Amino acid sequence: MIRLEGVCAGYGGREVLHDVSLNIEQGEMVGLLGPNGGGKSTLLLALSGVLPVTRGEIIIDGEPLANMNPKAQAGRMASVPQRLETAFDMTVFSVVLMGRYPYINFWGGYGPRDIDMARGAMAETATSQLQDRLTSELSGGEYRRVFIARALAQRTKILLLDEAASGLDVARKVEIYDLLQRNHETGSTILSAIHDLNLASLYCPRLVFLKKGRVVLDGPTQAVFTEKNLAELYETEIKIVSHPVTGQPQAHFVPGLSGDSAYRLDMPGSGGSLHSR
């Protein structure tokens, strides 16, 4: 469903992604992880069509992304970027309704189905009570939930999320990822950039790790979420224990050992020890 072939991308002549190749099948829920500056947001911006690639190609459902116009892209993929903003102050309901843009009729108006889809997405994200509020009146967490509602209102096969739970309290994080998991179980393909290793392990069956613009780990969570891999990737000692309910691996950092030379990661091409899919 999603295929990247030797993709390079960056900003102002500075390359951030280096020769990234990746395949994501229909119905997968994949966590995208790695240290800050590794290229996670850049990869999602390239996938969503916001950032042009400088080399390589992105294929969506067998069609080159470069050949799709914005409306066609919006009909196939919904995204929640890391930086959320509207051009001007709007009501929450108006923001969520924008998710129905790919389906507006010939006359440019929203129909009853669009209204129902927007209201349904707001109910899913517990934002219905905010519908008449202006975006300037929202907290950071509320603002993020509204943009997730907008993405869900698009009803696309693919969801691209950059730190979907950022700014949310623990209970809201669980609610959002429970919601994403339900969408995944009904057939949605989800690629979610996550800083929280343990949240990713709990919800994503497959993890892809980026570092310095390259894929350095890719595989089933149980296989790649190991003390050795994570210690080398994040350059600090990490201990893994099993979650007391789900049994999924959970990471615990050891204070005082960050940057230890014993955990320096050798990048691909220089004899690195990390395994990729």
Side-chain angles (χ1 to χ4, degrees), residues 1-34 37-87 90 95-104 108 110 114 117-118 121 143-144 146-164 166 180 183-184 187-194 208 210 213-215:
M1 171 167 276
I2 300 172
R3 189 165 81 250
L4 290 83
E5 298 179 346
V7 167
C8 299
Y11 313 92
R14 180 177 65 89
E15 192 172 271
V16 175
L17 295 181
H18 311 291
D19 195 29
V20 172
S21 295
L22 192 65
N23 287 307
I24 298 174
E25 302 298 332
Q26 182 174 344
E28 281 198 281
M29 185 166 178
V30 181
L32 186 63
L33 299 98
K40 301 182 294 297
S41 294
T42 302
L43 188 150
L44 290 174
L45 288 172
L47 273 176
S48 63
V50 173
L51 181 68
V53 303
T54 54
R55 289 198 302 277
E57 190 172 38
I58 296 173
I59 310 292
I60 307 294
D61 278 343
E63 183 178 352
L65 181 64
N67 293 351
M68 299 181 196
N69 61 39
K71 192 168 184 177
Q73 292 176 17
R76 298 193 189 198
M77 300 179 290
S79 64
V80 179
Q82 188 176 64
R83 294 186 176 90
L84 304 174
E85 58 185 27
T86 56
M90 305 171 65
V95 172
V96 178
L97 194 57
M98 288 170 62
R100 300 301 298 167
Y101 160 73
Y103 314 105
I104 56 176
Y110 295 104
D114 300 314
M117 291 290 115
Y143 205 73
R144 184 157 291 277
V146 167
F147 272 78
I148 292 171
R150 187 181 75 170
L152 294 177
Q154 284 181 238
R155 302 299 174 188
T156 58
K157 292 181 181 178
I158 300 171
L159 286 172
L160 306 174
L161 305 141
D162 195 350
E163 293 297 323
S166 175
L180 294 176
N183 275 264
H184 164 239
S188 293
T189 303
I190 299 173
L191 178 61
S192 181
I194 313 174
V208 174
L210 292 178
R214 302 181 188 276
V215 175

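Because the structure is predicted, anything quoted here is derived from the model rather than measured. Atom set for the values below is all heavy atoms of this structure, side chains included, hydrogens, waters and symmetry mates excluded.
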With I158, which of T189, I24, L47 fulfils side chain to side chain contact (heavy atoms under 4.5 Å, CB included)?
T189
M117 side chain reached by Q154 side chain, heavy atoms, under 4.5 Å:
no
Would you check if the side chain of S166 reaches a backbone N or O of E163 as a donor-acceptor pair within less than 3.5 Å?
no
Flag the pair L210 / L43 as yes when at least one side-chain heavy-atom distance between them is below 4.5 Å, and no otherwise.
yes
Any donor-acceptor pair under 3.5 Å from R150 side chain to L97 backbone:
no
S21 side chain vs G6 backbone, donor-acceptor pair below 3.5 Å:
yes
Taking the side chain from R100 and the backbone from A118, do they hold a donor-acceptor pair closer than 3.5 Å?
no
Check whether any side-chain heavy atom of D114 sits under 4.5 Å from a side-chain heavy atom of Y101, and report yes or no.
no
So do E28 and M1 actually touch side chain to side chain, heavy atoms under 4.5 Å?
no
Where do I190 and V30 land on the side chain to side chain contact (heavy atoms under 4.5 Å, CB included) test, with the steps shown first?
CA-CA 6 Å; I190 299 173; V30 181; over 6 Å; no
Test item: I59 and L65 side chains (from C-beta on) under 4.5 Å apart, heavy atoms
no
For side chain to side chain contact (heavy atoms under 4.5 Å, CB included), just list the numbers for L191 and L161, CA-CA rounded to whole Å, side-chain angles, deciding distance to a tenth of an Å, and then say yes or no.
CA-CA 6 Å; L191 178 61; L161 305 141; over 6 Å; no
For E25, the salt bridge (Lys or Arg N to Asp or Glu O under 4.0 Å) test, sequence neighbours excluded, returns none
Once you round to the nearest 0.5 Å, how far does OG1 of T156 lie from CE of M77?
8.5 Å
How many angstroms lie between atom CD1 of I148 and atom CG of L180, to the nearest 0.5 angstrom?
6.5 Å
Contact between L159 and V80 at the side-chain level, heavy atoms closer than 4.5 Å - yes or no?
no
Value rounded to 0.5 Å, distance of CE in M98 from CZ in F147:
7.0 Å
For the pair H184 (side chain) and G27 (backbone), establish whether a donor and an acceptor sit closer than 3.5 Å, ignoring hydrogens and angles.
yes
Polar side-chain atom of Q73 near backbone of M68 as donor-acceptor pair, under 3.5 Å
yes
Under the side chain to side chain contact (heavy atoms under 4.5 Å, CB included) test, residues paired with V7 that sit two or more places apart:
L4, L17, V53, I58
Is there side-chain contact between V96 and V146, with heavy atoms separated by less than 4.5 Å?
yes
Pairwise side-chain contact, K40 with Q82, heavy-atom cut-off 4.5 Å (strictly under)
no
When you measure from the side chain of R3 to the backbone of D61, do you find a donor-acceptor pair of N or O atoms at a distance under 3.5 Å?
no
Between I2 and L22, does the side chain to side chain contact (heavy atoms under 4.5 Å, CB included) criterion hold? Intermediate values first, please.
CA-CA 8 Å; I2 300 172; L22 192 65; over 6 Å; no
Is S79 reaching over with its side chain to a backbone N or O of S48, donor-acceptor style, under 3.5 angstrom?
no
